[in-house]
Amino acid sequence: MKHTYRLLVLDLDGTLTNSKKEISPRNLQTLLRLQESGVRLVLASGRPTYGIAPLAEALQMQKHHGCILSYNGGEIIDWSTGELLYKNLLPDDVLPVLYTAAVRNGQTILTYDNEYILTEQPDDEYVLKEAFLNKMQIRPTDDFLRDAPLPLPKCLIVGDPDRLMQTEAELSLRLQGRISVYRSEPYFLELVPLGIDKARSLAVLLERLGLTREEMVAMGDGYNDLSMIRFAGMGVAMANAQEPVRKAADYITLSNDEDGVAVAVEKLFFSNEA
């Protein structure tokens with residue numbers, strides 16, 4: 001029996017975008033066709049909102065009433081109206097703790113101020129990686145704690161992977177029960193509000209849209225996609241996904257360098273085989 005899916009949720013890096021961090025022509029055309037058919041699109045990523053915006057524009061999501069789920073679920077924005085539908089923020093008093101740990105361990109802390117990345121170390125190689133990934137400009141400061149625009153949805157501590165493990169362990173213990181601490185890459189330590197989770201935020205969005213989880217397809221490749229892949233009526237893993245993600249999925253498509261998103265959309269939305 002064919003399911004009627006009305007919402008497609010896509011992770012970005014390793015899923016929608018290829019190794020060059022671009023949307024392939026086939027993925028783009030397939031997703032434009034999907035939206036023209038009436039299916040709503042959600043881009044769900046750990047990226048800040050401004051790091052997702054160029055992809056949302058390329059996909060014409062404003063015209064098709066799409067939504068952005070940024071900061072791994074910390075914010076949800078209706079891209080057609082700009083309305084902030086949901087937000088979850090870090091407690092202000094944890095920022096000095098994060099800053100002190102980063103400086104003491106010889107690492108760099110950054111956060112986001114609208115379209116800018118704010119940091120005291122603008123030439124740090126990992127800060128430059130984050131800026132490139134999100135297509136954002138870096139705004140240097142000589143006083144991070146003074147200039148950080150509180151309250152914050154997220155901070156990132158970046159640095160050598162081995163030393164970052166120590167910072168992760170230290171902050172996980174010290175701030176246990178107050179914030180979530182995890183690494184999205186070996187050199188990126190994410191510091192986000194407690195309980196930030198793509199599935200939890202998507203449950204809020206589904207209620208706002210009057211849809212059920214059975215009407216949702218979610219595609220991803222990383223550990224932070226596990227919850228939404230399990231939550232969705234149809235959970236799709238990329239061929240390049242982490243092993244636990246592939247095991248949790250209902251369907252495994254091709255990799256992000258093989259137009260895996262388009263292949264899955266064509267099967268699940270445009271084929272009688274689904």
Side-chain angles (χ1 to χ4, degrees), residues 4-13 15-16 23 31-32 34-92 111-116 134-136 149-156 179-180 184 190-220 222 224-236 261:
T4 303
Y5 299 118
R6 300 174 60 192
L7 191 73
L8 173 62
V9 184
L10 294 173
D11 171 58
L12 301 187
D13 302 299
T15 301
L16 173 62
I23 304 176
L31 291 171
L32 290 175
L34 181 69
Q35 291 175 99
E36 291 286 353
S37 76
V39 174
R40 293 181 78 154
L41 195 58
V42 179
L43 300 184
S45 174
R47 292 191 191 190
T49 302
Y50 275 86
I52 303 174
L55 301 177
E57 293 303 308
L59 290 163
Q60 301 177 26
M61 287 172 58
Q62 185 172 23
K63 171 184 172 185
H64 295 293
H65 304 284
C67 293
I68 282 180
L69 191 153
S70 53
Y71 300 112
N72 220 45
E75 290 186 1
I76 304 174
I77 298 164
D78 181 331
W79 204 242
S80 61
T81 64
E83 181 186 0
L84 184 64
L85 304 178
Y86 173 81
K87 66 178 177 179
N88 196 348
L89 300 164
L90 288 166
D92 290 352
T111 192
Y112 310 91
D113 186 6
N114 293 317
E115 68 268 37
Y116 296 102
N134 291 292
K135 305 295 187 285
M136 294 172 71
L150 299 175
L152 298 172
K154 166 179 162 178
C155 284
L156 199 64
I179 72 169
S180 292
S184 56
E190 306 269 344
L191 308 150
V192 299
L194 190 66
I196 281 295
D197 180 273
K198 289 184 180 182
R200 189 174 299 186
S201 298
L202 286 167
V204 173
L205 179 60
L206 287 172
E207 187 173 353
R208 289 290 297 258
L209 298 178
L211 298 176
T212 67
R213 56 194 281 189
E214 288 76 25
E215 295 173 295
M216 181 175 83
V217 175
M219 294 191 210
N224 64 337
D225 300 318
L226 257 175
S227 66
M228 73 173 186
I229 282 174
R230 289 173 173 150
F231 178 69
M234 173 60 67
V236 180
V261 166

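Keep in mind that what you see is a predicted model, and the values were worked out from it rather than measured.
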Task: Distance, nearest 0.5 Å, that separates CD of Glu214 from CZ of Arg6 - done: 12.5 Å
Task: Closest contact, heavy atoms only, Leu8 versus Val39 - done: N-CG1, 4.0 Å
- [ ] Could I get the full list of side-chain contact (heavy atoms from CB on, under 4.5 Å) partners for Ala44, not counting sequence neighbours?
- [x] Val9, Leu69, Lys198, Met228
Task: Note, Leu152 side chain near Leu150 side chain (heavy atom, < 4.5 Å) - done: yes
Task: Heavy atoms of other groups near Tyr86 OH, more than 12 under 6.0 Å - done: yes
Task: Spatial distance of atom CG (Asn72) from atom CD (Glu190) [nearest 0.5 Å] - done: 7.0 Å
- [ ] Give, for atom CZ of Arg40 and atom CD of Gln35, the distance between the pair rounded to the nearest 0.5 Å.
- [x] 10.5 Å
Open item on the list: More than 12 heavy atoms of other residues, nucleotides or ligands under 6.0 Å from NZ of Lys87: yes or no?
Closed with: no
Task: Considering all heavy atoms, the nearest Pro151-Leu90 contact - done: CB-O, 4.3 Å
Task: Spacing of Lys154 atom NZ and Glu75 atom CD [to the nearest 0.5 Å] - done: 11.5 Å
- [ ] Please report the closest heavy-atom contact between Pro153 and Pro193, naming both atoms and the distance.
- [x] O-CD, 3.1 Å
- [ ] Evaluate side-chain contact (heavy atoms from CB on, under 4.5 Å) for Ile77 paired with Ile52, printing each intermediate quantity in order.
- [x] CA-CA 11 Å; Ile77 298 164; Ile52 303 174; over 6 Å; no
Task: Side chains of Asn224 and Ser184 in contact at under 4.5 Å (non-hydrogen atoms) - done: no
- [ ] Kindly give the heavy-atom pair with the smallest separation between Gln62 and Ser80, and that separation in Å.
- [x] O-CB, 3.2 Å
TODO: Taking all heavy atoms of Tyr71 and all of Ile196, pick out the closest pair and write down the distance.
DONE: O-CG2, 3.6 Å
Task: Straight-line distance of Leu41 CG to Leu59 CG, nearest 0.5 Å - done: 6.0 Å
- [ ] Looking only at non-hydrogen atoms, find the nearest pair between Arg230 and Arg213 and report the distance.
- [x] O-NH2, 4.0 Å
Task: CD on Glu215 to CG on Leu7, rounded to 0.5 Å - done: 9.0 Å
Task: Leu211 vs Met216 side-chain heavy atoms within contact, under 4.5 Å - done: no
